[in-house]
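Here is the structure we will look at.
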Amino acid sequence: MTTRSETRTTLDHLLTEIEHRNPAQPEFHQAAHEVLETLAPVIAARPEYAEPGLVERLVEPERQVLFRVPWQDDQGRVRVNRGFRVEFNSALGPYKGGLRFHPSVNLGVIKFLGFEQIFKNALTGLGIGGGKGGSDFDPHGRSDAEVMRFCQSFMTELYRHIGEHTDVPAGDIGVGGREIGYLFGQYRRITNRWEAGVLTGKGRGWGGSLIRPEATGYGNVLFAAAMLRERGEDLEGQTAVVSGSGNVAIYTIEKLTALGANAITCSDSSGYVVDEKGIDLDLLKQIKEVERGRVDAYAERRGSSARFVPGGRVWEVPADLALPSATQNELDENDAAALIRNGVKAVSEGANMPTTPEAVHLLQQAGVAFGPGKAANAGGVAVSALEMAQNHARTAWTAERVEEELASIMTSIHTTCHETAERYDAPGDYVTGANIAGFERVADAMLAQGVI
Ligand code: GLU
């Protein structure tokens with residue numbers, strides 16, 4: 001029987017090896033640390049998980065695809081971007097995860113996202129493996145025609161690697177309904193197949209699920225509500241700071257407002273807006289989704305309740321709840337200290353890995369309920385899996401039905417994380433609960449399926 005401390009030493013060695021074998025991929029190292037550092041209790045308790053090679057296989061993607069994406073801009077100039085698809089783990093189902101188009105994308109970023117996705121998808125309880133992809137293409141300031149040509153070129157390579165039973169991409173930062181439409185069109189043209197289940201996040205008239213656009217934000221609010229309930233509180237009357245102004249942030253604000261909370265901020269890379277009356281969603285949607293503009297335009301048009309703070313971070317605004325919904329490492333230890341000083345009760349991650357490890361530690365030490373992204377933001381991919389189910393059955397569910405399923409999945413993820421944390425002597429620690437519960441599901445499937 002290995003002890004927890006022996007197991008911890010073995011995992012530490014493996015982490016050092018991961019850093020050597022994957023140089024210059026700090027985000028992937030961070031994601032691997034965050035998971036492996038919490039697994040010692042379960043590996044020590046269940047000898048089958050100590051089997052040599054199990055964790056080593058888990059941290060090595062099954063397949064990584066890198067490709068050139070040439071396209072012509074509106075001036076006729078040839079541009080070259082890099083495309084990625086990391087097919088990380090398919091023990092539970094076809095690889096599933098979004099595509100991110102952002103200049104910060106590189107292999108390490110896609111690997112961190114793909115690694116997180118394995119555990120997130122496992123937590124949903126639905127049959128989906130983990131993968132992620134994207135490009136360093138920057139859609140910002142590009143015309144519709146340029147985005148279309150880029151998406152067509154991207155799919156001209158990607159199509160050979162994906163399929164409804166193989167790998168099912170969706171959106172992420174920089175990839176929304178418009179991009180999924182162009183990608184799907186090109187897939188259909190190349191393959192001559194109307195294969196609805198090859199991509200999720202499609203338009204509602206052609207195979208998309210109702211509530212998919214809302215699902216990540218709605219799900220995160222439901223997760224935050226479940227954490228508060230555990231402490232005898234609810235969302236009614238709570239003030240919330242939300243970062244970001246994309247799909248996740250918008251529908252986080254929508255659900256918070258619907259459940260009686262006051263969401264007072266949103267942000268983008270230029271700074272943030274604070275609106276004491278609560279964010280006016282119609283105005284925000286008009287600016288971000290229709291005009292594809294910046295958040296300072298919101299403050300300009302909203303009137304006296306709102307102000308724009310250039311370059312600032314929403315975490316300096318006093319609030320009961322914080323829902324980081326922009327990008328990785330956007331909430332560091334200084335931000336966490338400010339939130340704690342201002343009496344924050346819960347932090348729930350709508351983005352992937354938005355909180356640095358030091359900040360997570362501070363928040364947990366201070367007794368703040370902390371919901372890690374792989375649990376709290378799993379609603380998006382969960383409804384993607386429901387979209388796949390609808391596509392397979394050639395049917396479409398009502399919005400009410402999808403919302404009910406989403407609510408029950410989020411409640412069950414919360415319960416699973418909570419109970420798992422208690423079982424492994426870490427009551428209230430959702431990070432440990434989520435990592436161990438996700439790991440158990442994937443590891444059991446991998447062990448059953450042999451060394452592959
Ligand atoms: N990009 C989202 C995530 O981080 C959704 C992925 C999907 O729907 O496949 O989970």
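Start at 1 with the first residue, then count along the sequence. Just so you know, ligand 1 is whichever comes first in the structure, and atom 1 is the first atom listed for that ligand.
Counting non-hydrogen atoms of other residues, nucleotides and ligands closer than 6.0 Å to CZ of Arg82 gives a total of 12 or fewer.
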Could you go through ligand 1 and note, for every N or O atom, any protein N or O atom closer than 3.5 angstrom, writing the atom names and distance to 0.1 Å, or 'none'?
unit_1, atom_1, unit_2, atom_2, d
ligand 1, 1 (N), Lys132, NZ, 3.3
ligand 1, 1 (N), Gly171, O, 2.9
ligand 1, 1 (N), Asp172, OD1, 2.8
ligand 1, 4 (O), Lys120, NZ, 3.0
ligand 1, 4 (O), Lys132, NZ, 3.0
ligand 1, 4 (O), Asn352, ND2, 3.0
ligand 1, 8 (O), Arg212, NH2, 2.9
ligand 1, 8 (O), Ser384, OG, 2.6
ligand 1, 9 (O), Lys96, NZ, 2.7
ligand 1, 10 (O), Gln117, NE2, 3.1
ligand 1, 10 (O), Lys120, NZ, 2.8

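Under the 3.5 Å distance criterion, with hydrogens and angles disregarded, no donor-acceptor pair is assigned to the side chains of Glu87 and Gln64. Counted by atom type alone, Glu62 and Ser90 present one or more donor-acceptor pairs between their side chains at under 3.5 Å. Using modelled atom types, one finds no donor on one side chain facing an acceptor on the other under 3.5 Å when comparing Thr395 with Gln390.
No side-chain heavy atom of Thr398 sits less than 4.5 Å from a side-chain heavy atom of Leu210.
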Pairs under 3.5 angstrom only: tabulate donor-acceptor contacts from the side chains of residues 105-120 to other protein residues two or more places apart or in another chain.
unit_1, atom_1, unit_2, atom_2, d
Asn106, OD1, Gly108, N, 3.0
Asn106, OD1, Val109, N, 2.9
Lys111, NZ, Asn22, OD1, 2.5
Lys111, NZ, Gln25, OE1, 2.9
Glu116, OE2, Lys374, NZ, 3.4
Gln117, OE1, Lys132, NZ, 3.2
Gln117, NE2, Asn121, OD1, 3.1
Lys120, NZ, Asn352, OD1, 2.8
Lys120, NZ, Asn377, OD1, 2.8

